[in-house]
Number of protein chains: 2
Amino acid sequence: MDSSSKRSSPVRQRLIEAAIAVLEQNGPEGLQARKLAAEIGASTMAVYTHFGGMPALLEEVAREGFRRFGRCLAGAARSEDPVADLLAMGLAYREFARGNSQLYRLMFGLTTPGTRVGGHRDVTAEGEPTSHAEGIDAFNHLVDVIERVRDAGRIGQADAVVVAGQVWSTIHGFVLLEIAGFFGDDGEGLAQVLGPLIVNVLVGLGDSRDAVERSTRAAAARTQLDASARRLPGQHLLDR
Amino acid sequence: MDSSSKRSSPVRQRLIEAAIAVLEQNGPEGLQARKLAAEIGASTMAVYTHFGGMPALLEEVAREGFRRFGRCLAGAARSEDPVADLLAMGLAYREFARGNSQLYRLMFGLTTPGTRVGGHRDVTAEGEPTSHAEGIDAFNHLVDVIERVRDAGRIGQADAVVVAGQVWSTIHGFVLLEIAGFFGDDGEGLAQVLGPLIVNVLVGLGDSRDAVERSTRAAAARTQLDASARRLPGQHLLDR
DNA sequence: TGAGTGTACATAACAACGTTATGCAGCGGA
DNA sequence: TCCGCTGCATAACGTTGTTATGTACACTCA
């Protein structure tokens, strides 16, 4: 068998895309074998001939999500100011997570929706992210930028991987709390929390505050950033 | 009806506790009406007379989780060095999340396991954290410490709520990535990522690096911190 | 060219899940 | 004593993931 007949069969790909679409529209509850199959005009058997079961399909959805995520991060512009590039990548990161919040959560193994037992006893051992490889690929885009930041002499001689882990923790935590609604629905969280926070981290890493804020303006100018979103009252942490 | 007969009925409480125990042992998949009822020696009807359905029970589990989480944070020692107290609270935070990882994820609406449809059409609208109130209570412990840090003149005149949001993002993100296995299973992530990261944030907030590191040692001395855990090879970000 | 082989898929059935309907035992107040 | 209510067991229903079975089509080889 050649690689195109089985590996990239149209129904297989359409199932994954239908799953992503349904996931974002109806939430994880919508990820049902019958529903997805009907969505592409097939029977539930399509899920089993192409994936072997719902868990494997969801695994593939997460993998595809990480690929798109990686492309999103890679698409962040690359200039002569690596700190501005890092900040732009952070904005792209948040934009992806906000625009694909359900997918983002699924990617990090947080959703675990469809792993219902049904007829058989087997269940994916919960939370083991087999899509680690794709996740690390995406993570490496962060490492690359940080290596450039370091090589530009902005943060001393730190280990880029370790620093990337710190930056990733920062953005990941903010994004999840923002998605969960803890920072309100407008851009308040970005302006008041994530923005200052990433600046603080970079200053803590050794860059000068002036330089970081210059880079911030450069990144904001590149991304048509509506950071000063209209503020509406809401029930969240920053509101009191 | 008096408050003890309905509000804190033994079976109601035992169902919640059974759910927490099963959740941590078997993962979200184990949170089934039949299983939980059998666990306390009752029929599935107990779930419906006391909660009205699985979603409400899970909501109550999350609420109880936030209460325990709040008590855990409140239990962090209180000394004359507020930065050391903040760091100790961060350690307690991570300890709770690691020791109750499934519960922690459920608390933040990330798990969404039992919201299967079954007979009726209704489904909790996915991800809306009705247990916000308890979550904010826990969050306020963080705000309190940071107010003391600010009043001690260590971080300028920042808004304590905003700063708390930054610190929370930081720890939340790290803890979730660590739970997901991205930082290895030993304490490497703590020593290489979270520790330096929180120091960087505090330095970025205005404290001096020397003062933060003194506070770090103080906090580590209080908590019998085995930060230098034995390093085993593993497949994760920091390993290459 | 025709029989054999295998894959992709539809149909139908099964076990397990959440939920609801029904019924019964026990209680308290009139 | 009788009524009504509450707490719960039993049994049934609809929906889920999954599996079994059968079939149509494509491809291979003689």
Centres of the A:H141 and A:F69 rings: under 6.0 Å? no
A correct dot-bracket answer for DNA chain D, with pairs being Watson-Crick or G-U at under 3.5 Å, [ ] for crossing pairs and | for inter-strand pairs, is ||||||||||||||||||||||||||||||
Show your working on salt bridge (Lys or Arg N to Asp or Glu O under 4.0 Å) between B:E39 and B:K35 and close with a plain yes or no. CA-CA 6 Å; B:E39 202 80 18; B:K35 182 174 228 156; over 6 Å; no
Check the distance between D:dG17's P and A:L15's CG and give it to me in whole angstrom. 13 Å
Give the nucleotide from the list C:dA10, D:dA11, D:dT19 with an atom nearest to the side chain of A:T44. D:dT19
Contact nearer the 5' end of DNA chain C, comparing A:R34 with A:G41: A:G41
Nearest-angstrom distance from the residue atom CG of A:L57 to C1' of D:dT16: 15 Å
Options D:dA12, D:dA9, C:dC9, nucleotide nearest the side-chain atoms of A:T49: C:dC9
The ring pair (Phe, Tyr, Trp, His ring centres under 6.0 Å) partner of A:F66 among A:F96, A:F139, A:F108 is A:F108
CE of B:M54 versus C1' of D:dT15: gap in Å, rounded? 16 Å
D:dT6 OP1/OP2 closer than 4.0 Å to side-chain N/O of B:H50: no
Out of C:dA21, C:dT11, D:dT16, which has the shortest distance to the side chain of A:S43? C:dT11
Mind running side chain to side chain contact (heavy atoms under 4.5 Å, CB included) on A:F51 and A:I16 for me, showing each step along the way? CA-CA 10 Å; A:F51 298 93; A:I16 294 178; 3.7 Å; yes
Which of D:dT16, C:dA21, C:dT19 is nearest the side chain of B:M45? It is C:dA21
Protein-nucleotide distance (A:E29, atom CD; D:dG17, atom C1'), rounded to Å: 15 Å
Consider the side chain of B:Y48, meaning its heavy atoms from C-beta on, and name the nucleotide among C:dC14, D:dT19, C:dG18 that approaches it most closely. C:dG18
Holding to side-chain hydrogen bond (donor to acceptor under 3.5 Å, both in side chains), I want the full list of residues that pass it with B:R71, two or more places apart in sequence or in another chain. none
Check the angle between the aromatic planes of B:W168 and A:F182 and answer parallel, tilted or perpendicular using the 30° and 60° thresholds. perpendicular
List the steps and the verdict of salt bridge (Lys or Arg N to Asp or Glu O under 4.0 Å) for A:E59 and A:R63. CA-CA 6 Å; A:E59 177 62 40; A:R63 211 182 298 273; 3.5 Å; yes
